[in-house]
Amino acid sequence: MKIKLKTQSLDDWELNLFESYSTLPIIIGRTMIFGAYNVDFEMTDNIWHQLPEEYKKKIYKYNIKKMIKSMLITVTDITAYSFCFGCNVKLKKSLIMEEIYKDFDENKKINFLTPGCDFPKSSMSVYFQYLGEVYAEVDLDELVAISDEENSFQYSIMPKLMEASNYRKERENNTGKLEQIYNEQLAIKNLLNKNIDELSKEETQKVLENFLLIDDLKYLLEVIKKSKEFEIIIYDKLKDEIEHWLRDIQIKIKTEEDEKIYQELKEILKEQL
């Protein structure tokens, strides 16, 4: 039985492509499509609620970690993409294919995948940004259980992370624009892992200028407070972006705590803007 599942994203471990191989992605309009093989995924509430009731009964006894032998992944409304293929016997040097559309925003998150490419057989990195959704079309009969050892962090994910890291180092002099922006965003994300009190004025400035990468409303509030302490000037362009973001985020406020943070954030910004 085939079913099209709407996933939350491609980097929240709902779908894990570190162990997988994929076909060469194809672009149709603003949609990216590629096949993937041996894809690990977590049976999250999001996935579970989309399954037919009769199938839920079949998988109830098994481990929550599953493997799909093959699936078709569709990413809609992409704003940019960059594919890079590494060296092998036939490819003497890395090849890059990329396109960046007018609505691409380098301040918004860029997604990064490193599946092996089945044809041409090669290492491959895929960078992309999208505004739409991610769908995975799967055959539920191909769902298989994975043992804890095969799916463990030590034996499965870590080697792939190291391999991807080494691969990027080997070809650091031959990178596309999208990958360069991704690396810049990665540096900002490393700053987000620091305690807010440890941020210098320069680091606070960088985080503030890339506030769209912050997914914690409370942390953003602390960054705004920190910028006020450092007397950091918010220029007109950044001012407009923050005001626009506040209008968008208001409809997503669900908890009383977030509402309080939102209101406090608005008051502080009024003083600074």
Side-chain angles (χ1 to χ4, degrees), residues 8-19 42 79-84 86 94 96 98 100 104-115 123-131 134 152-154 156-235 237-238 241-242 245 249 258 261 265 268-269:
Q8 295 173 344
S9 73
L10 281 174
D11 62 356
D12 60 1
W13 304 109
E14 197 168 60
L15 292 179
N16 177 7
L17 297 176
F18 282 114
E19 284 286 305
E42 295 279 355
T79 60
Y81 67 86
S82 178
F83 311 144
C84 182
S94 298
I96 297 176
E98 69 177 2
I100 298 177
F104 169 73
D105 187 343
E106 65 180 51
N107 293 316
K108 291 184 178 179
K109 179 180 178 180
I110 294 174
N111 295 266
F112 171 52
L113 304 174
T114 56
S123 54
M124 177 173 67
S125 60
V126 179
Y127 295 84
F128 63 96
Q129 185 184 87
Y130 68 100
L131 300 176
V134 178
S152 70
F153 187 81
Q154 179 179 358
S156 174
I157 297 176
M158 275 302 293
K160 288 295 179 179
L161 287 173
M162 294 176 66
E163 179 181 338
S165 177
N166 292 334
Y167 171 58
R168 289 196 298 272
K169 288 178 181 178
E170 290 173 359
R171 42 178 295 277
E172 62 184 358
N173 293 325
N174 185 22
T175 58
K177 181 178 180 181
L178 207 59
E179 182 175 355
Q180 294 172 16
I181 296 173
Y182 172 84
N183 290 333
E184 292 170 1
Q185 290 187 359
L186 196 60
I188 298 299
K189 290 180 180 178
N190 288 334
L191 291 179
L192 297 180
N193 291 327
K194 296 180 64 173
N195 186 296
I196 190 70
D197 294 327
E198 297 176 354
L199 293 179
S200 65
K201 181 176 181 179
E202 181 180 3
E203 290 172 337
T204 303
Q205 177 85 43
K206 287 182 179 179
V207 171
L208 183 61
E209 291 174 351
N210 293 272
F211 74 95
L212 291 175
L213 297 178
I214 301 175
D215 56 9
D216 185 333
L217 196 62
K218 186 176 181 180
Y219 189 87
L220 177 59
L221 175 61
E222 295 301 320
V223 171
I224 296 293
K225 288 181 178 180
K226 192 75 172 180
S227 67
K228 183 179 180 181
E229 293 177 9
F230 282 130
E231 298 183 346
I232 295 175
I233 299 174
I234 301 179
Y235 296 99
K237 182 180 179 181
L238 183 57
E241 290 176 353
I242 295 177
W245 178 83
I249 201 66
D258 284 347
I261 295 175
L265 186 60
I268 295 177
L269 287 173

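- Remark: Glu198 pairs with no residue by the salt bridge (Lys or Arg N to Asp or Glu O under 4.0 Å) rule, at least two apart or across chains.
- Atom CG in Asp258 sits 5.5 Å away from atom CG in Leu217 (nearest 0.5 Å).
- Between Leu113 and Phe128, the closest side-chain pair of non-hydrogen atoms falls below 4.5 Å.
- Rounding to the nearest 0.5 Å places OH of Tyr219 at 14.0 Å from CD1 of Ile261.
- Remark: Ile100 CD1 to Ile181 CD1 distance equals 5.5 Å, nearest 0.5 Å.
- For Thr204, the side chain to side chain donor-acceptor pair (under 3.5 Å) criterion is met by no residue, not counting sequence neighbours.
- For the residue pair Ile232 and Leu208, the shortest heavy atom distance occurs at CG2-CD2, 4.4 Å.
- Annotation: salt bridge (Lys or Arg N to Asp or Glu O under 4.0 Å) contacts of Lys201 (sequence neighbours excluded): none.
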If you apply the rule side-chain contact (heavy atoms from CB on, under 4.5 Å), what do you find for Phe104 with Ile110, and how did you get there?
CA-CA 10 Å; Phe104 169 73; Ile110 294 174; 4.2 Å; yes
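- Note that the CD1 atom of Ile196 and the NZ atom of Lys218 stand 12.0 Å from one another [nearest 0.5 Å].
- Note that CD of Gln129 and OG of Ser82 are 12.5 Å apart. Values are rounded to the nearest 0.5 Å.
- Counting heavy atoms from C-beta outward, Gln205 and Phe230 have side chains that stay 4.5 Å or more apart.
- The two atoms that bring Asp197 and Asn195 nearest to each other are N-OD1, 2.8 Å, heavy atoms only.
- A donor-acceptor pair under 3.5 Å is absent between the side-chain atoms of Glu106 and the main chain of Gln185, judged by distance alone.
- Looking at Gln180 and Glu184, their side chains never bring a donor and an acceptor atom within 3.5 Å of each other.
- Side-chain atoms of Leu191 and Asn210, non-hydrogen and from C-beta on, never get closer than 4.5 Å to each other.
- For the residue pair Lys108 and Leu213, the shortest heavy atom distance occurs at C-CD2, 4.2 Å.
- Residues Phe211 and Ile224 fail the side-chain proximity criterion, which asks for heavy atoms closer than 4.5 Å.
- Expressed to the nearest 0.5 Å, how far OG of Ser125 lies from CD1 of Ile96 amounts to 7.5 Å.
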For a side-chain contact (heavy atoms from CB on, under 4.5 Å) check, start with the C-alpha distance between Val207 and Ile214, then their side-chain angles and the critical distance, and finish with the verdict.
CA-CA 8 Å; Val207 171; Ile214 301 175; 3.8 Å; yes
